[in-house]
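If you're wondering where the values come from, they're calculated on a predicted model, not measured in any experiment. The figures here come from the full heavy-atom set of this structure, side chains too, leaving out hydrogens, waters and symmetry mates.
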Amino acid sequence: MPHDGRSRAGFPALRASEAGAPDIGSPPPAAEAAAIDRVLRFAGAALAAVYVPGAGEEELQLTEMVGCATSEYGLPEHLPVSGGSPAAYAFRTGRPLWLNPPELAAYPEGGPMPPRAELSLGALPLGSDGTRLGCLVVVGAARTGFEAEHQRFLQRYADAVAGLLQATTGRPAPAPLLGPALQSLRVGSFVLVPNTGLVEADDTLLELLSITPDDFDGKADTLLAHALPEDMHALMSVLEPSTPAFGRRELEFRVRRPTGEMRWLNLSCRPVLGHDDRPDQVLGVVTATSVLRRSADDVSRIQWLTAALDDATEVREVGRVVVAALREPLGADRVALAELREDRLTVTMLDPPQPSAWPETWRAQWRSEWPDAPVTALPTLQLALRDGRTDLWPAGTAFEPGLVGVGNGGLAVLPLPAKGRPAGVCLVGWDQPHEFAPEERSLLTATAALVGQALKRAHAHDAEQELATLLQRSLLPRRLPELPGGTAVARYLPARRGLQVGGDWYDVIALSEDRVALVIGDVQGHSAGAATIMGQMRTAVRAYAVEGHPPDVVMSHANRLLVGMETDLFATCCYAELDMDGGTTLFVRAGHLAPLVRHPDGKTEEVEVEGGLPLGVLAEAEFPMTSVVLAPGTVLALVTDGLVESADLPLDEGMSRTATALSEADPGDPGRMADALLGDAGRREDDVALLLLRYDGMKIRPTRAGWAVWRLPDAVMHARRFTARTLRRWKVEEATDPVLLVVSELVTNALVHTQGPVSVDLTLRAGRVRVSVSDSSPRAPAKPVIVDWEATGGRGLLLVEAMSESFGSVPVAGGKQVWSEIAVPRREPAPADAEPRPEGGSPP
């Protein structure tokens, strides 16, 4: 059996100081003495002694002493009750006394003899209900005195000794008190030699592990065989200590008893360093953790926590549930929840949320958003995550800088397990000293297991929703174009059940400088498949619209496209083409809701648009157009059914509510108007799309004129005459020469290179003349790549481009339109003092 390493523990040898030492009982057997010695040393004591009142109760008499029986140092045999010794003071007052070396030096008597500067002493009164039975004196070698944890254990030890004394009231006290009292606490001890795997264990430890002494072979593996496999990882860290990371350890583990019952045990250990400063031995104690039977309140609390976490689909929702379950019920001052992502901790919930409530290091290094911190920067959390066990740290524990201030009065570190791996960690901190009751330990353990699984599910859900949101955003317009004479705004909200991605879409398409198309649609369902079809339909409708097709043709082409796709999904759509100059709007509906119009006087109504079948149902479906003229100040609203219909909201009532909200909203801010229409949607069953356009009318209305070109030999001449007459009527003769040149070249190209009708349209707006020549050929005009001095053609488009401020070509229904914009030169006003020059005269 390995030696317990007493000589390396750093305790001085102590003995009874008198030459004729009193008979303090026969020494216990060697194995029992070694066990008592180990437990006391682990509690910071090298010696424990019992004083009881002597005859006449004028003095205290030393009756028993354990720890180090042979030593040149010891305690006095007799102490006067009225004297100034620590034991007499504790006996008289009934209050424990804890003295560090300087404080012990101030007492003239009752201490170890001769005094030593590094010794501490504790004097604990023995008694109950006002009865004074004696005093327990413990001596340690810590320069800072007994730690709070040691004091709590030694107080329990004193209570056990007092219990034995109380049982013998009226009879002589039994000689062995300290050994039986320690056995009554059921504290087992061991000494482990890591290099060999051999362990010396006392009978109490073997009893806690349900091992008979005859079955124990002195090997650590025999002890580990009785632990549950889930706790084996934490116990292996005790068998293989390393100097940088291994210090004082405390962990809990479970063993299975022969009856099948599971028992919780608490293990505390620390290394005993050898000459090379490496762990030569591991000294430890094991106690039974008293788990109280859960009350009805505890059961209901766990049931509530399970149900609440089941409803928490997002990581932040899990955090809010954790705060509600732990902070107030435990009286904690702060709760932090962090996810473990690779080797970093990402803090997802802090309560309280104010930065001032958390350590300065967090505010300085983790910034105000508390994004993440490396696990290696927080050894306390790293250790808990590695072992997978809940750590409960009492008041006064020294933490690394990253945790200072989180739990000065006590800190619970809860690793959150999920499928055999840690999903994160939860910190629960107290400012005032906090005693961890057994029922709290049980609650924390149950909470950690439930929260770990919920956090894993929520993280997967958040990742899925993030991907879905990215998909949805990529399929919808990033921003809407700025429109002359109007303002368009849109809103999209995904469904709050299932995958938060759907088939609703909207679009605003600038067809020209004075025409715009508004589109809203809804593909059946809210899934990735619906979103994919939605993206294809939005692209198709935009392409057909940009080609210049009228609304009914755009809808017909989109319908044929969807019918030809390999899908069973259909789509509804509402398409509106608005002339921003005159307010004329052409509507087409394919199974979609009718648009709403809010007139300038606030009256709101549905636009009666003749509808067609949904897209994707019948390839030969027709989509009639409806024309409506909008007055400036009118607001046009296009919505999907997710806004106006649900399981408890009929469609008619939903449309009526939306119309009322549109009428009551302020049209001065279309964005706020859109938010007012959305309202508090609550738990949406379907995704929602909303498109609003406030039509203001164009501030500068263009002047237009058109001419149908005849295919005659002198067609270009007639086009030039029409252009000249129009420019004179518009009083912009300054632009006549470049405009006539552009008209000549574009009309000539259209007549030479195309068949069918040709037309010329002139538009004057904001100091520019726009020339548009339309023909029936879809091919865009091509400029020559190389033009040399021998070339006889291809120079016309180069001249047009040189004379134009801007120049281009757009497809239109049945062909294309080539356009050019020419700036009208500004007229210089004549000087006021200018005198007319005489005819035929020469300048002065």
Side-chain angles (χ1 to χ4, degrees), residues 468-469 471-473 475-477 480 488-509 517-538 540-542 555 558-559 562 569-576 587-598 604 606-607 609 611-617 635-659 661-662 670 673-693:
T469 302
L471 171 64
Q472 191 78 50
R473 289 178 178 176
L475 296 176
L476 293 175
L480 301 183
V489 296
R491 296 289 186 271
Y492 175 82
L493 297 176
R496 290 185 177 175
R497 61 182 178 90
L499 187 65
Q500 295 187 15
V501 63
D504 287 15
W505 90 90
Y506 60 87
D507 207 351
V508 177
I509 309 168
L518 307 176
V519 189
I520 196 164
D522 184 3
V523 177
Q524 176 190 6
H526 45 84
S527 62
T532 303
I533 297 298
M534 176 269 285
Q536 293 173 314
M537 293 306 299
R538 173 179 171 252
V541 170
R542 171 173 279 269
M555 201 65 67
N559 175 59
L562 186 55
L569 301 178
F570 62 86
T572 64
C573 184
C574 182
Y575 183 100
F587 290 98
V588 174
R589 270 198 316 128
H592 202 80
L593 299 174
L596 296 173
V597 170
R598 182 188 189 277
T604 302
E606 293 185 25
V607 180
V609 179
L613 292 174
L615 305 179
V617 176
V635 177
L636 175 64
L638 306 179
V639 301
T640 58
D641 57 356
L643 179 64
V644 297
E645 186 179 23
S646 64
D648 56 353
L649 180 64
L651 178 61
D652 293 341
E653 183 180 349
M655 288 292 289
S656 177
R657 289 184 182 180
T658 303
L662 183 64
M673 177 178 281
D675 294 336
L677 263 62
L678 291 177
D680 184 9
R683 191 171 183 84
R684 295 181 296 275
E685 300 175 359
D686 197 0
D687 45 344
V688 175
L690 169 65
L691 181 60
L692 292 183
L693 173 71

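Side chain of Arg491 to main chain of Leu690: no donor-acceptor pair is present (N/O by atom type, distance under 3.5 Å, no hydrogens or angles). Arg598 places a side-chain N or O within donor-acceptor distance of the main-chain N or O of Leu662, the cut-off being under 3.5 Å. Between the Ser656 side chain and the Asp652 main chain, no donor and acceptor come within less than 3.5 Å of each other.
Two residues are said to be in side-chain contact when any heavy atoms from C-beta on lie closer than 4.5 Å; Cys573 and Arg589 fail this criterion. At a threshold of 4.5 Å between non-hydrogen side-chain atoms, the residues Leu596 and Val607 do not count as touching. Counting only heavy atoms from C-beta outward, the side chains of Leu692 and Leu636 never approach each other to under 4.5 Å. For the pair Asp522/Met534, no side-chain contact is recorded, criterion being any heavy-atom separation below 4.5 Å from C-beta on. Looking only at side-chain heavy atoms (C-beta outward), Ile520 and Trp505 stay at 4.5 Å or farther from each other. Under the 4.5 Å side-chain criterion, counting only non-hydrogen atoms from C-beta, Leu476 is not in contact with Asp507. Val519 has its side chain out of reach of Cys574: every pair of non-hydrogen atoms, C-beta onward, lies at least 4.5 Å apart. In this structure, Tyr506 and Tyr492 have side chains that are in contact, with non-hydrogen atoms separated by less than 4.5 Å.
For Asp504 and Thr640, the side-chain atoms include at least one donor-acceptor pair closer than 3.5 Å.
Shown here are the side chain to side chain contact (heavy atoms under 4.5 Å, CB included) partners of Leu651, two or more places apart in sequence or in another chain: Leu593, Val644, Glu645, Met655. With sequence neighbours left out, Ala540 forms a side chain to side chain contact (heavy atoms under 4.5 Å, CB included) with Tyr544, Leu561. Considering only residues two or more places apart in sequence or on other chains, Pro614 meets the side chain to side chain contact (heavy atoms under 4.5 Å, CB included) condition with Phe570, Thr572, Val617. Glu606 pairs by the side chain to side chain donor-acceptor pair (under 3.5 Å) definition with nothing, not counting sequence neighbours. Asp641 meets the salt bridge (charged side-chain N to carboxylate O under 4.0 Å, His left out) test with no other residue; sequence neighbours excluded. Listed by chain and number, the residues in a side chain to side chain contact (heavy atoms under 4.5 Å, CB included) with Ala488 are Leu480, Leu483, Val508, Leu693 (sequence neighbours excluded).
In terms of heavy-atom proximity, Pro477 sits nearest to Arg538 at CG-NH2, 3.4 Å. Pairing each heavy atom of Asn559 with each of Gly616, the nearest pair is OD1-N, 2.9 Å.
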